[in-house]
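Below, all heavy atoms of this structure are taken into account, side chains as well, without hydrogens, waters or symmetry copies.
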Amino acid sequence: MKKITLLIVLISITGMLYSESAFDVSGQIRHRYEFSDKDFNNDTGADTFSLMRTRLNLGFEPAEDLKVFVQFQDSRKMGEEMGTMDGTANYFDLHQGFVTINNFFNLPLSLKLGRYEVIYGPQRLMGAVGWSNVGRSFDGATASFHHPIADIDLFNLKVSETGLIDDVDDVWVRGAYGKLNLENYTTQAFFIQDDERNTYGMYASGEIMTNLSHETEFAMQGGTLNGEDVKGLFYAFNLTYDLGMFKITGGYDHLSGNDPETSESETFSTLYATNHKYYGFMDYFPTGAGALGLNDIHVKLSGFEIAGVKLNAAYHIFTSEYESGGDSDFGNELDLTCVKKYNDNVSFVGGYSMFTKGGLDIGSNIGEDNSSWFYLMTIVNF
C-alpha cells in the first residue's frame with residue numbers, strides 16, 4: 001500500500017510542476033485468461049488462470065533535447081495475493097525509468113541512462129518480451145551515434161549485481177548494433193558480450209521484388225561460459241509474399257545443438273530474445289530442445305480479415321539437430337490467433353494452439369499425448 005500511495009503523491013507533484021504540454025500520461029491494462037494443458041499427459045487436468053498487467057507511463061520534456069520517461073508496472077497472477085485484504089502490492093515495480101539526452105554537446109549523439117527495455121532487430125537476441133506478464137528491462141546506459149548513412153548504438157547493461165567488492169560475479173551485457181540507413185531496406189550488424197561469451201552476426205530484411213520480401217539473420221557465438229569454450233551457430237531465413245488480402249510466409253530457423261563428440265559447448269543461446277514470437281506460441285522452444293539443437297520449418301498466414309476480425313495462423317515442424325535414441329522429431333505445432341479491435345482504446349485477442357508430439361521429449365515434458373492451449377486477452381490502452 002505504501003508503494004501505491006507514493007506513486008499517487010509523485011503523480012500529483014509532477015502534474016503541478018509541469019504544464020500540460022510538457023507532461024504526458026498514458027498506460028495500459030491487460031488481462032489474459034489461459035487454459036493450459038501443456039504437459040503431454042491426458043490423465044492430468046488442465047491449468048486455468050488469469051494474468052493481469054497494469055502499466056502507467058509518465059513522460060516529461062523539461063528542456064529541449066531532454067526527455068524523461070517513467071513506467072510503473074503491476075504484474076500478477078490473479079488470486080496470488082495473501083487474501084482479499086492484502087495491500088502490500090508485492091508485484092508493483094518500476095519497469096522503466098530513464099532519461100534521454102539528444103544532441104549531446106551539440107554532437108550527433110544521444111544518451112539513454114536508467115532502466116529501460118532493450119529492443120534490437122526482430123528481437124531474436126535482444127527483446128522486451130511483450131507477451132510476458134512482466135516483460136524484460138535492463139539497468140544501464142546506451143550511447144547512440146547518428147549519421148545520414150548509419151546509426152550505431154553502444155550499450156552497457158547490468159544483469160546481476162552481487163554487491164561484492166571485486167565484482168567478480170557481477171554479470172554485464174555489453175555490445176554494439178550498427179544499422180545502415182537505406183530506404184525500404186534494413187541492414188544491421190551486431191556484437192553482444194554477456195559475461196565472457198561473444199555473439200556476433202547480421203540481420204537484413206526488405207523487398208526482393210514486387211510483393212515479395214525476405215528476412216535473414218545469422219549469428220555465431222564464441223568465447224567461454226562457466227569455464228567452457230563456446231561455439232554456437234544460429235541462422236534464420238523467411239520469405240513473405242503479399243497477396244493483398246493476406247500475407248504468406250515460409251521459413252526456416254536453426255539453433256545449433258551440442259555435438260557429443262567435441263569438447264566445446266555448441267548449444268546456441270538466444271540470450272535475451274523474445275522467443276515467443278518465433279518458436280511456437282506454446283513456448284516449448286528453444287529451451288525444450290536442450291542440447292539437441294532445434295530446426296524449425298514454418299508456414300505462417302497473416303493479415304486475413306473477416307467481419308473486422310483479423311486472423312493469423314502458423315504451423316511449425318520441429319526437429320533436432322542431433323538424434324536421441326535414434327529419433328529427431330520433436331513434433332508439430334499449430335497456432336491460431338484472432339484479433340478484434342473494439343474501438344481506438346480496446347482490443348480483444350484470442351488464440352488456440354495444439355502440439356502433436358513426436359518421439360523426442362521436450363524439456364521435462366515426457367508424456368506421449370498431444371497438448372493444447374487457449375487464451376483470451378483484453379487490452380485497454382489509455
Side-chain angles (χ1 to χ4, degrees), residues 117-129 136 138 140 142 152-160 168-179 186-205 215-238 251-280 283-298 318-324 328 330 360 362-363:
E117 295 181 343
V118 177
I119 297 174
Y120 284 112
Q123 302 190 53
R124 283 193 175 93
L125 294 171
M126 299 289 289
V129 201
R136 177 185 293 124
F138 290 88
T142 299
I152 299 175
D153 280 12
L154 303 176
F155 53 86
N156 187 37
L157 310 169
K158 195 64 169 288
V159 176
S160 176
V168 64
D169 292 322
D170 290 355
V171 179
W172 294 85
V173 177
R174 301 179 173 97
Y177 261 80
K179 181 182 72 172
T186 299
T187 301
Q188 296 179 334
F190 53 84
F191 173 80
I192 305 169
Q193 182 182 61
D194 64 312
D195 203 4
E196 296 181 347
R197 176 173 53 192
N198 303 319
T199 303
Y200 48 92
M202 57 79 62
Y203 171 77
S205 66
E215 180 196 46
T216 304
E217 190 160 13
F218 169 85
M220 298 180 66
Q221 288 180 333
T224 61
L225 182 67
N226 299 322
E228 190 174 18
D229 290 337
V230 173
K231 187 180 180 181
L233 174 66
F234 155 78
Y235 51 86
F237 182 75
N238 290 280
Y252 172 68
D253 286 29
H254 172 78
L255 301 171
S256 64
N258 192 42
D259 187 345
E261 296 183 359
T262 66
S263 60
E264 298 167 314
S265 176
E266 296 162 319
T267 303
F268 187 88
S269 169
T270 57
L271 302 179
Y272 302 97
T274 302
N275 290 317
H276 180 81
K277 293 177 59 178
Y278 297 106
Y279 307 109
D283 293 324
Y284 291 124
F285 301 107
T287 304
L292 295 178
L294 182 67
N295 300 307
D296 175 15
I297 301 173
H298 50 264
F318 295 111
T319 60
S320 63
E321 180 180 21
Y322 296 102
E323 292 185 351
S324 177
S328 61
F330 283 119
L360 290 178
I362 301 173

Q | Sole residue of Glu215, Gln188, Glu217 in side-chain hydrogen bond (donor to acceptor under 3.5 Å, both in side chains) with Tyr203 | A | Glu215
Q: Enter the distance from Asp153:CG to Met126:CE here, rounded to the nearest 0.5 Å.
A: 10.5 Å
Q. Is any side-chain heavy atom of Leu360 less than 4.5 Å from a side-chain heavy atom of Ser320?
A. yes
Q: Check step by step if ring pair (Phe, Tyr, Trp, His ring centres under 6.0 Å) holds for Phe285 and Phe318.
A: CA-CA 9 Å; Phe285 301 107; Phe318 295 111; 4.4 Å; yes
(Q) With side chain to side chain contact (heavy atoms under 4.5 Å, CB included) as the criterion, how do His254 and Phe234 come out once you've worked through the C-alpha distance, each side chain's angles and the decisive distance to 0.1 Å? (A) CA-CA 6 Å; His254 172 78; Phe234 155 78; over 6 Å; no
Q: Kindly say whether His276 contributes a backbone atom to a donor-acceptor pair with the side chain of Thr274 at under 3.5 angstrom?
A: no
Q | Reported CG-to-OG1 distance for the pair Asn295 and Thr319, which is rounded to 0.5 angstrom | A | 4.0 Å
(Q) In the structure I gave you, are the side-chain heavy atoms of Glu261 and Tyr322 within less than 4.5 Å of one another anywhere? (A) no
Q: Write down the atom of Phe191, the atom of Phe155, and the distance for their closest heavy-atom approach.
A: O-CZ, 4.4 Å
Q: Using salt bridge (Lys or Arg N to Asp or Glu O under 4.0 Å) as the criterion, list what pairs up with Arg197, not counting sequence neighbours.
A: Asp194
Q: State whether a side-chain donor-acceptor pair under 3.5 Å links Ser328 with Glu323.
A: no
Q) Taking C-beta and beyond as the side chain, do Arg124 and Asp253 meet within less than 4.5 Å on heavy atoms? A) yes
**Q.** Gln221 backbone acceptor or donor facing Asn198 side chain under 3.5 Å
**A.** no
Q.
What's the separation between atom CD in Gln193 and atom CH2 in Trp172, rounded to the nearest 0.5 Å?
A. 12.0 Å
Q. Which is it for Tyr284 and Phe330 under the ring pair (Phe, Tyr, Trp, His ring centres under 6.0 Å) test, yes or no, and what are the steps along the way?
A. CA-CA 10 Å; Tyr284 291 124; Phe330 283 119; over 10 Å; no
Q: Decide yes or no for Glu321 and Leu233: does some side-chain heavy atom of the first lie under 4.5 Å from some side-chain heavy atom of the second?
A: no
**Q.** For the student: nearest non-hydrogen atoms of Gln123 and Gly127, plus distance
**A.** OE1-CA, 3.2 Å
Q: Kindly give the heavy-atom pair with the smallest separation between Ala176 and Leu154, and that separation in Å.
A: CB-CD2, 3.5 Å
Q | Heavy-atom check, side chain of Phe268 versus side chain of Met220, under 4.5 Å | A | no
Q: Calculate, to the nearest 0.5 Å, the distance between atoms CG and OG1 belonging to Asn156 and Thr142 respectively.
A: 8.5 Å
(Q) Angle between ring planes, Phe138 versus Tyr272, binned at 30° and 60°: parallel, tilted or perpendicular? (A) perpendicular
Q) Which atoms form the tightest heavy-atom contact between Thr199 and Ala219, and what is the distance? A) CG2-CB, 4.2 Å
Q. Side chain of Arg136, backbone of Ala273: donor and acceptor closer than 3.5 Å?
A. yes
Q) Is a donor on one side and an acceptor on the other found under 3.5 Å between the side chain of Glu266 and the backbone of Asp259? A) yes
Q | Distance in Å, Asp283 CG paired with Asn275 CG, rounded so as to fall on 0.5 Å steps | A | 8.0 Å
Q.
If I compare all heavy atoms of Leu255 with all of Pro286, which pair ends up nearest, and what's the gap?
A. CD1-CB, 3.4 Å
Q: Specify whether Tyr235 and Tyr252 have parallel, tilted or perpendicular ring planes, treating 30° as the upper limit for parallel and 60° as the lower limit for perpendicular.
A: tilted
(Q) Could you tell me if Glu196 and Thr224 have a donor-acceptor pair between their side chains, going purely by distance under 3.5 Å? (A) yes
Q) Just checking, is any N or O donor in the side chain of Asp296 or Tyr278 under 3.5 Å from an acceptor N or O on the other one? A) no
